[in-house]
Amino acid sequence: MIALRSDLKVVVASRPVDFRNGITGLVALVAQALSADPYCGDVFIFRAKRTDRLKLLVWDGSGMILATKWLEEGRFTWPPITDGAVVLTPAQMAMLIDGMDWTKVRVPVVKRPVNVG
């Protein structure tokens with residue numbers, strides 16, 4: 001189960017990946033191409049060349065979860081294809097997985113106190 005906690009980090013790989021990759025291949029991709037720890041509890045989302053498919057990879061504390069979704073109609077809204085990744089909020093992730101345009105979600109700005117000394 002994926003816990004939608006407030007500190008959840010959702011990482012979307014910008015480049016399409018070979019969808020023949022399973023858990024082992026995607027774990028290696030997270031470690032090598034994204035320079036991230038696949039066992040940290042963050043959610044990693046991958047896109048296929050076809051814009052109607054995604055794979056989600058997450059460590060839940062007891063094992064690795066790999067989920068695949070294909071849209072029957074329409075396509076997912078993806079970030080531009082570049083090297084690296086885009087970080088989404090949990091709300092944006094939910095919209096992406098539902099096939100909605102996550103770019104329309106307003107991301108709150110967190111103001112931090114400034115120490116003046």
>> Run the salt bridge (charged side-chain N to carboxylate O under 4.0 Å, His left out) test against Arg15 and tell me which residues pass, sequence neighbours left out.
In response: Asp83
>> Using side-chain heavy atoms (C-beta onward) and a distance below 4.5 Å, is Lys55 in contact with Leu66?
In response: yes
>> Please enumerate all residues that pass side-chain contact (heavy atoms from CB on, under 4.5 Å) together with Met100, with sequence neighbours excluded.
In response: Met95, Asp98
> What's the shortest heavy-atom distance between Thr89 and Val10, and which atoms?
Replying inline: O-CG2, 4.3 Å
> Side chains of Val58 and Leu56: does their closest heavy-atom pair fall under 4.5 Å?
Replying inline: yes
> Is Met64 close to Leu57 at the side-chain level, that is, under 4.5 Å between some pair of heavy atoms?
Replying inline: yes
> Could you walk me through whether Thr82 and Ser14 pass the side chain to side chain contact (heavy atoms under 4.5 Å, CB included) check?
Replying inline: CA-CA 6 Å; Thr82 60; Ser14 299; 3.7 Å; yes
> Is any side-chain heavy atom of Asp18 closer than 4.5 Å to a side-chain heavy atom of Asn21?
Replying inline: yes
> Looking at Pro38 and Val27, what are the two nearest heavy atoms and their distance?
Replying inline: CG-CG1, 3.6 Å
> How would you list, by chain and number, every residue that makes a salt bridge (charged side-chain N to carboxylate O under 4.0 Å, His left out) with Asp37, sequence neighbours excluded?
Replying inline: none
> What residue pairs, at least two apart or across chains, pass ring pair (Phe, Tyr, Trp, His ring centres under 6.0 Å) with a residue in residues 65-87?
Replying inline: Phe76-Trp78
>> One pair to check against side chain to side chain contact (heavy atoms under 4.5 Å, CB included): Arg47 and Val17. What are the steps and the verdict?
In response: CA-CA 6 Å; Arg47 64 188 288 179; Val17 299; over 6 Å; no
> Are the side chains of Asp42 and Leu8 in touch, meaning some heavy atoms are under 4.5 Å apart?
Replying inline: no
> Asp52: what forms a salt bridge (charged side-chain N to carboxylate O under 4.0 Å, His left out) with it, not counting sequence neighbours?
Replying inline: Arg50
> Do any pairs count as a ring pair (Phe, Tyr, Trp, His ring centres under 6.0 Å) and have a residue in residues 8-53, sequence neighbours left out, and if so which ones?
Replying inline: Tyr39-Trp59
> Given side chains that start at C-beta, do those of Val43 and Val11 come closer than 4.5 Å, heavy atoms only?
Replying inline: no
> What heavy-atom pair brings Ala85 and Leu34 nearest, and what distance separates the two atoms?
Replying inline: CB-CD2, 3.9 Å
>> To the closest 0.5 Å, what do you measure between NZ (Lys69) and CD1 (Ile45)?
In response: 11.0 Å
> side chain to side chain contact (heavy atoms under 4.5 Å, CB included) between Thr68 and Arg53: does it pass, once the steps are laid out?
Replying inline: CA-CA 7 Å; Thr68 303; Arg53 297 164 191 226; 5.8 Å; no
> Are Leu71 and Leu88 connected, step by step, through hydrophobic side chains (Ile, Leu, Val, Met, Phe, Trp, Tyr) whose heavy atoms are closer than 4.5 Å?
Replying inline: yes
